[in-house]
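Below is one structure, written out as structure tokens; comments come after it.
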Amino acid sequence: MSDPTRIPMYHPEEIEPRWQKRWDADGLYEADIDPDKEKFYALTMLPYPSGDLHIGHWYAMTPSDARARFKRMQGYNVMFPMGFDAFGLPAENAAIQRSIHPKEWTYSNIDNMRRQLRSMGAMFDWRREAISADPEYYKWTQWFFNQFFNNDLAYQKEAPVDFCPHCNTTLAREQVQGEDRHCERCGTPVIKKDLRQWFFRITNYADELLDFSEMDWPDQVQTLQTNWINRSEGASVIFTTEGGDELEVFTTRPDTLWGATFMVLAPEHPLVQKLTTAEQVEAVAEYQDQAKRMGDIQRESADREKTGVFTGGYAINPVNDERIPIWIADYVLMSYGTGAIMAVPSHDQRDFEFARKYDLPIIVVIQPADIDPIVADDMTEAIPAKGAMVNSGPLTGTPGDEAFDKAVAFLEERGVGKRAVNYRLRDWLISRQRYWGAPIPIIHCEKCGAVPVPDEDLPVLLPDDVAWRPTGESPLKLHPTWRHTTCPKCGGKAERETDTMDTFMCSSWYHLRYLSPHYSEGPFDPEEYNYWMPVDIYTGGIEHATMHLIYTRFFHKALRDLGITRGKEPMLQLRNQGMVLGEDNEKMSKSRGNVISPDELVAEYGADTVRAYLMFFARWELGAPWNSSGIEGSARWLRKVWYLFLEPADHAGTASKDVIKDLRRKVHQTLKSVTHDFETFSFNTIVSGLMELLNEMTTAKAEGAFGTDAWQEAESIYLRMMAPVSPHIAEELWMKAGYDYSIHTQPWPEVDEAATKEEELTLIVQVNGKLRDRLTVPVGIGEAEAKAASLESENVASFLEGKTPKKVIYVPGRLVNIVV
RNA sequence: GGGGCAGUGGCGGAAUGGCAGACGCAACGGACUUAAAAUCCGUCGGUGGUAACACCGUGUGGGUUCGACUCCCACCUGCCCUACCA
């Protein structure tokens with residue numbers, strides 16, 4: 001088909017850099033405020049500068065870019081920025097391994113990745129690039145800390161916190177993962193340490209974070225966040241120890257209060273020492289030691305047999321004044337609720353196991369209607385089902401559906417408890433004992449306490465000359481001079497906070513820095529904010545559901561309450577891509593040797609082919625294993641497109657009216673579906689639709705359509721449809737065809753609805769729902785006509801076997817179903 | 001233990017409740033070529049049949065419906081999240 005002597009061959013390696021240079025020089029993708037145009041802020045998660053852009057980045061960003069381009073052609077003023085999340089543990093760990101300064105390592109990686117990102121041919125507006133490790137960026141990260149500190153959203157607290165012994169730093173609860181409770185970054189199981197750390201009051205926003213009503217976010221992310229926050233409704237109840245101390249517990253089952261036969265405290269509970277009697281001191285101390293040694297990993301495995309020790313102390317059950325023993329056991333966690341529970345063995349499985357093991361009394365107080373009368377001594381497991389209250393003093397007989405409310409009312413009347421809500425969400429621990437992060441802008445003064453560095457003194461610069469090897473202490477503490485300063489309040493001798501901030505703090509607001517990355521009057525230029533915010537579409541991986549995506553929502557809401565941002569949510573729409581696995585169907589990793597390098601692919605096929613394949617080869621939200629021969633299909637597609645439009649045809653202009661009509665129909669039908677698929681993120685069917693149209697156009701060309709008006713229309717529409725997918729070849733062919741520069745500033749083509757209409761349709765004829773015949777009939781066929789034609793079909797007759805149809809169902813334009 | 005997602009040819013996948021398997025990859029047969037690559041034409045879910053065609057077929061079992069890959073219920077398998085959460 002191709003004759004290289006007549007037309008140039010398709011050489012992406014020549015075309016792509018040429019257009020990238022031209023677009024760059026022309027500022028084609030620079031997005032500025034334009035009050036006459038509707039704005040569209042398209043955001044994709046910024047990469048970590050870990051060295052190389054991997055195929056996962058391309059997979060995430062290419063469709064995001066294509067859709068941003070599509071929106072632009074639709075007439076929106078589209079901003080699509082890019083930057084680097086440059087602080088944090090991985091950069092530092094890698095730097096340690098290689099003995100290079102983290103700064104040097106990070107910034108040389110950024111240079112490399114910026115080059116790789118440019119090779120994608122994406123419409124990033126590089127003027128808006130933001131790098132979180134730049135002082136002009138982290139100045140404002142620190143400023144936000146001050147805002148939080150000054151408004152009681154940041155506080156310091158000594159607490160048992162998660163500590164990664166490999167990374168030598170504390171972690172937020174969200175950054176501890178999996179059954180073995182390992183570090184999100186390095187995979188090492190964490191340990192608990194008692195440390196004084198900085199926290200943000202994200203729990204103030206727990207309820208608001210559960211409200212997704214004004215967002216178009218995937219259900220899955222909403223569910224993950226909802227489960228993570230884990231709101232539970234119940235009651236807080238005040239028990240009193242015999243020593244007169246109040247012992248508050250949280251329960252979701254106030255209706256079982258009369259069945260509480262003992263209490264259990266976490267071994268670390270502050271009241272334990274006071275409660276313990278002389279006889280029990282030794283046993284309690286030993287158990288506490290043991291619990292401390294064991295750590296959370298073993299403690300929290302539910303299948304382990306329950307253990308515990310009696311303190312010797314007693315409490316009074318406030319609903320019936322019963323005297324019940326107080327135990328300690330490691331199945332009660334200090335980090336949830338109040339670190340103390342009332343134990344109702346009859347209706348809670350854990351309490352049941354514990355009671356059986358230590359021979360504690362079991363009293364049945366709930367009798368579900370559909371279960372035989374429960375006898376405590378015969379129970380083999382707890383009965384957690386709701387039901388009518390029994391053995392419950394004045395509330396005995398209360399039906400199951402009223403039990404909760406009545407019990408709470410009873411508590412409130414007596415003044416011993418109240419309705420309460422508890423969350424699993426913990427406050428966000430942001431202190432890190434590492435070097436490569438934004439210093440927490442606090443000065444500790446003996447007289448004045450923790451004093452924020454005045455805003456005008458920001459940024460607190462990270463010193464370069466630091467021994468940044470991790471020791472478990474902040475490296476900044478080891479710097480000879482850095483920490484020594486004077487108190488901004490009293491002028492006395494004082495010391496800087498030496499911990500740095502969690503890098504998730506930097507990434508919680510980067511979408512705001514893109515608005516005006518060099519603005520010096522504030523974190524962002526309000527004028528830019530007013531025009532561009534909120535983010536219209538945010539794309540990225542779902543692994544951030546309970547980390548970045550919850551932090552950034554909190555950040556926005558907290559800032560809104562401080563008058564800095566506006567609106568309920570920062571990102572209106574979210575879509576998550578899946579993962580590209582290795583060809584062996586395993587996660588890509590260097591150790592497995594199954595990593596696919598985008599640089600090599602670009603060198604071999606060109607960026608346009610890689611882009612097209614990434615959009616085509618899987619359902620975007622699911623991902624799939626890589627297939628290195630599959631990409632040949634996309635390469636073939638682009639080659640075919642190239643020759644389709646450039647290679648002259650025999651019999652040009654001789655096409656019949658029918659060929660022209662069919663061509664226009666297919667073009668406009670494809671335009672309709674491609675437009676729809678861009679809107680709905682169905683990227684794979686965009687490419688398959690274009691491939692299908694190519695096949696049809698190849699036939700039409702052979703039938704003489706080349707050179708006709710309809711052909712020219714088809715070409716113009718085809719190139720514009722493919723421009724978001726493969727921007728370089730589209731531009732090249734567009735210019736070769738003699739249209740105006742640039743294809744990427746052209747309007748999205750309009751569907752000619754009339755042209756999409758079929759004249760004939762295939763009428764499906766079914767007998768009892770089974771396909772028996774296909775009839776070609778005119779589109780305007782009436783019901784009676786269609787039914788009659790179907791009944792006349794010979795195939796149908798053979799299946800009717802002379803029986804009379806009971807019913808004939810007609811679906812206009814589709815089918816006739818004959819029921820016998 | 002709790003929650004979520006997924007299950008369609010050898011593979012990736014397509015299908016507003018209405019022709020299952022579009023499009024592509026791989027494979028096979030053929031054309032072109034000294035040859036290979038590239039390109040082009042054709043076949044390509046299973047069983048039976050020379051064929052026309054018939055029957056079966058979207059993880060399993062039920063249900064709703066004239067009609068189910070699609071909706072509902074239960075289950076199986078895989079992946080992900082979460083977990084003594086009181």
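In what follows, every chain begins at residue 1, and chains take the letters A, B, ... in the order their sequences are listed.
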* To do: With heavy atoms under 4.0 Å as the rule, sort A:Gly623 into base, sugar-phosphate or nothing.
  => sugar-phosphate

* Asked: C1' atom, B:U34 versus B:A20: distance in rounded Å?
  -> 47 Å

* Asked: Looking across every strand, which nucleic acid part, if any, lies under 4.0 Å from A:Arg772 by heavy atom: base, sugar-phosphate, or nothing?
  -> sugar-phosphate

Heteroatom pairs (N/O) under 3.5 angstrom, protein to nucleotides 4-6 of chain B:
none

* To do: For residues A:Tyr613 and A:Trp626, establish whether the separation of their ring centroids is below 6.0 Å.
  => yes

* Could you check which of B:C66, B:A20, B:C84 has an atom nearest any side-chain atom of A:Ile809? => B:C66

* To do: Compare the minimum distances between each of B:C84, B:G18, B:G13 and the side chain of A:Leu333, then state the nucleotide with the smallest one.
  => B:C84

* Asked: Going from CG on A:Leu761 to CG on A:Leu775, what distance comes out if it is rounded to the nearest 0.5 angstrom?
  -> 10.0 Å

* Asked: Would you call A:Leu425 and A:Asn230 a side-chain contact if the rule is heavy atoms closer than 4.5 Å?
  -> no

* Within the modelled atom types, does a donor on one side and an acceptor on the other bring the side chain of A:Arg424 and the base of B:C85 under 3.5 Å apart? -> no

* To do: May I have the distance from A:Glu353 (atom CD) to B:A86 (atom P), rounded to whole angstrom?
  => 16 Å

* Are A:Tyr643 and A:Tyr10 an aromatic pair by the rule of ring centers under 6.0 Å? -> no

Dump the pairs, protein N or O against N or O of nucleotides 21-27 of chain B, anything under 3.5 Å, distances to one decimal.
unit_1: B:A22; atom_1: O2'; unit_2: A:Glu692; atom_2: OE1; d: 3.2
unit_1: B:G24; atom_1: OP1; unit_2: A:Asn695; atom_2: ND2; d: 3.3
unit_1: B:C25; atom_1: OP1; unit_2: A:Arg636; atom_2: NH1; d: 2.3
unit_1: B:C25; atom_1: O2'; unit_2: A:Ser629; atom_2: OG; d: 2.9

* Quick one: do A:Arg231 and A:Glu233 make a salt bridge, cutoff under 4.0 Å? -> yes

* Structure fact -> Residue set satisfying salt bridge (Lys or Arg N to Asp or Glu O under 4.0 Å) with A:Lys666, at least two apart, ordered chain then number -> A:Glu692

* Given B:A86, B:A83, B:C66, the nucleotide with the shortest approach to the side chain of A:Arg173 -> B:A83

* To do: State whether a side-chain donor-acceptor pair under 3.5 Å links A:Trp228 with A:Glu174.
  => yes

* Asked: Any N or O donor-acceptor pair linking the side chain of A:Arg181 to the base of B:U82 at under 3.5 Å?
  -> no

* Asked: Considering only B:A54, B:A38, B:C84, which nucleotide approaches the side chain of A:Arg639 most closely?
  -> B:A38

* To do: Please state the C1' separation for the pair B:A31 and B:A37 - nearest whole angstrom.
  => 16 Å

* Could you give the CG-to-P distance, from A:Asn585 to B:G12, as a whole number of Å? -> 8 Å

* Pair A:Tyr331, A:Asp351: side-chain N/O donor-acceptor within cut-off below 3.5 Å -> yes

* Return yes if some donor-acceptor pair links the side-chain N/O of A:His11 with the main-chain N/O of A:Glu13 below 3.5 Å, else return no. => no

* Asked: From B:G12, B:G18, B:U82, pick the nucleotide closest to the side chain of A:Gln766?
  -> B:G18

* Asked: Heavy atoms under 4.0 Å, any strand shown: does A:Leu224 hit a base, just sugar-phosphate, or nothing?
  -> sugar-phosphate

* Check every strand shown and say whether A:Val819 touches a base, only sugar-phosphate, or nothing at a heavy-atom separation below 4.0 Å. => sugar-phosphate

With the criterion being N/O to N/O and under 3.5 Å, what pairs connect the protein with nucleotides 68-70 of chain B, and how long is each?
none

* To do: Could you give me the stems involving RNA chain B, meaning stretches of three or more consecutive Watson-Crick or G-U wobble pairs whose two defining distances are both below 3.5 Å?
  => B:1-7 with B:76-82, B:10-12 with B:23-25, B:27-31 with B:39-43, B:45-48 with B:53-56, B:59-63 with B:71-75

* **Residues from residues 251-261 of chain A lying under 4.0 Å of RNA chain B - heavy atoms** => A:Thr251, A:Thr252

* To do: Describe the nucleic acid contact of A:Lys806 in one word from base, sugar-phosphate, nothing, applying a heavy-atom distance below 4.0 Å.
  => nothing

* For B:G12 versus B:G63, give the span between their P atoms, rounded off to a whole number of Å. => 32 Å

* Residues A:Glu753 and A:Lys672 bridged, charged N to O under 4.0 Å -> yes

* Asked: Taking it one step at a time, do A:Ile362 and A:Met379 satisfy side chain to side chain contact (heavy atoms under 4.5 Å, CB included)?
  -> CA-CA 9 Å; A:Ile362 297 175; A:Met379 291 175 83; 4.2 Å; yes

* Below 4.0 Å: OP1/OP2 of B:C56 and any side-chain N or O of A:Lys770 -> yes

* Asked: Ring centroid separation for A:Phe354 and A:Phe262, is it under 6.0 angstrom?
  -> yes

* **Shortest side-chain distance from A:Arg350, nucleotide among B:A86, B:G18, B:C19** => B:A86

* To do: Please tell me which of the listed nucleotides, B:U82, B:C84, B:C66, lies nearest to the side chain of A:Tyr331?
  => B:C84

* Is the backbone N or O of A:Ser335 less than 3.5 Å from a side-chain atom of A:Arg426, with the two atoms forming a donor-acceptor pair by type? -> yes

* To do: Kindly say whether A:Ile363 contributes a backbone atom to a donor-acceptor pair with the side chain of A:Ser346 at under 3.5 angstrom?
  => yes

* Asked: What is the glycosidic conformation of B:G62: syn, defined as within 90° of 0, or anti?
  -> anti

* Donor + acceptor pair across side chains of A:Asn817, A:Tyr810 (<3.5 Å) -> no

* So, A:Ser232 versus A:Asn422: side-chain donor-acceptor pair below 3.5 Å or not? -> no

* Asked: Taking atom C1' in both B:G4 and B:A15, what distance in whole Å separates the two?
  -> 25 Å

* Structure fact -> Regarding the side chain of A:Lys306, the nearest nucleotide among B:C84, B:G13, B:C85 is B:C84

